[in-house]
Amino acid sequence: MTDLPRYEYVKLADAIATEIASGKLPQGAALPGERAMTELYGVSIGTVRRAIVELRNRGLVATLPAKGTYVIAQPDAPANSNGTAD
């Protein structure tokens with residue numbers, strides 16, 4: 001089966017998950033704000049918002065209204081392009 005192209009928000013979510021797994025973003029750390037992330041990663045704010053939703057769905061982050069988004073867990077294993085562990 002050929003590798004399907006991944007959406008930009010999934011690529012961004014994977015990149016942030018990698019930072020969480022490496023310890024660069026430890027449990028309890030705040031993610032940068034949405035606007036800062038657009039500049040940091042060179043993506044649109046919509047892509048950032050969808051990536052954060054993806055990370056919440058993976059159980060890696062939680063968002064507190066008017067407070068920010070925080071790392072709540074470490075990923076179990078790296079995910080491949082279809083969202084499952086290798």
Side-chain angles (χ1 to χ4, degrees):
M1 183 172 174
T2 61
D3 287 332
L4 298 174
R6 295 185 306 160
Y7 292 107
E8 285 300 312
Y9 77 93
V10 175
K11 292 179 188 177
L12 178 56
D14 288 346
I16 295 169
T18 298
E19 291 181 12
I20 294 169
S22 74
K24 184 175 179 182
L25 288 171
Q27 191 167 351
L31 268 58
E34 289 178 348
R35 294 195 193 282
M37 290 177 72
T38 63
E39 293 177 16
L40 183 64
Y41 294 104
V43 296
S44 72
I45 198 159
T47 299
V48 169
R49 289 177 178 162
R50 289 187 72 182
I52 290 170
V53 169
E54 176 70 16
L55 291 167
R56 280 199 308 258
N57 290 341
R58 295 182 192 183
L60 299 178
V61 301
T63 301
L64 302 173
K67 298 290 183 186
T69 301
Y70 296 87
V71 177
I72 60 170
Q74 299 292 317
D76 293 329
N80 64 22
S81 61
N82 66 6
T84 60
D86 289 330

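Since we're looking at a predicted model, the values are computed, not measured.
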Kindly check if the number of other-residue, nucleotide or ligand heavy atoms within 6.0 Å of CZ (Arg56) is above 12? yes
How long is the gap from OG1 on Thr63 to CZ on Arg49, to the nearest 0.5 Å? 11.5 Å
Any Lys/Arg nitrogen of Glu39 or Arg35 sitting under 4.0 Å from an Asp/Glu carboxylate oxygen of the other? no
Distance (rounded to the nearest 0.5 Å) between Arg6 CZ and Leu12 CG: 10.5 Å
Heavy-atom closest pair (Ala17 atom, Arg58 atom, distance to 0.1 Å) is CB-NH1, 3.9 Å
Assess the residue pair Glu54 and Arg50 against the criterion (salt bridge (charged side-chain N to carboxylate O under 4.0 Å, His left out)); give the C-alpha distance rounded to whole Å, side-chain angles, the decisive distance to 0.1 Å, and a yes or no. CA-CA 6 Å; Glu54 176 70 16; Arg50 289 187 72 182; over 6 Å; no
Given the options Leu55, Val48, Leu64, Ile52, Thr69 meets side chain to side chain contact (heavy atoms under 4.5 Å, CB included) only with Ile52
Contact between Ile16 and Tyr41 at the side-chain level, heavy atoms closer than 4.5 Å - yes or no? yes
Is Val43 close to Lys11 at the side-chain level, that is, under 4.5 Å between some pair of heavy atoms? no
Over all heavy atoms of both residues, which pair between Gly59 and Ala73 is shortest? Give the atoms and the distance, please. O-CB, 3.4 Å
I need the minimum non-hydrogen distance between Met37 and Pro32, along with the two atoms involved. SD-O, 3.3 Å
Which pair of heavy atoms, one from Tyr70 and one from Ala30, lies closest together, and at what distance? CE2-CB, 3.5 Å
Nearest heavy-atom approach of Ala62 to Ile72 is CB-CG2, 3.8 Å
Going from CG on Leu60 to CD on Glu19, what distance comes out if it is rounded to the nearest 0.5 angstrom? 12.0 Å
Are Val71 and Leu40 connected in the hydrophobic side-chain network, where two residues link if heavy atoms are under 4.5 Å apart? yes
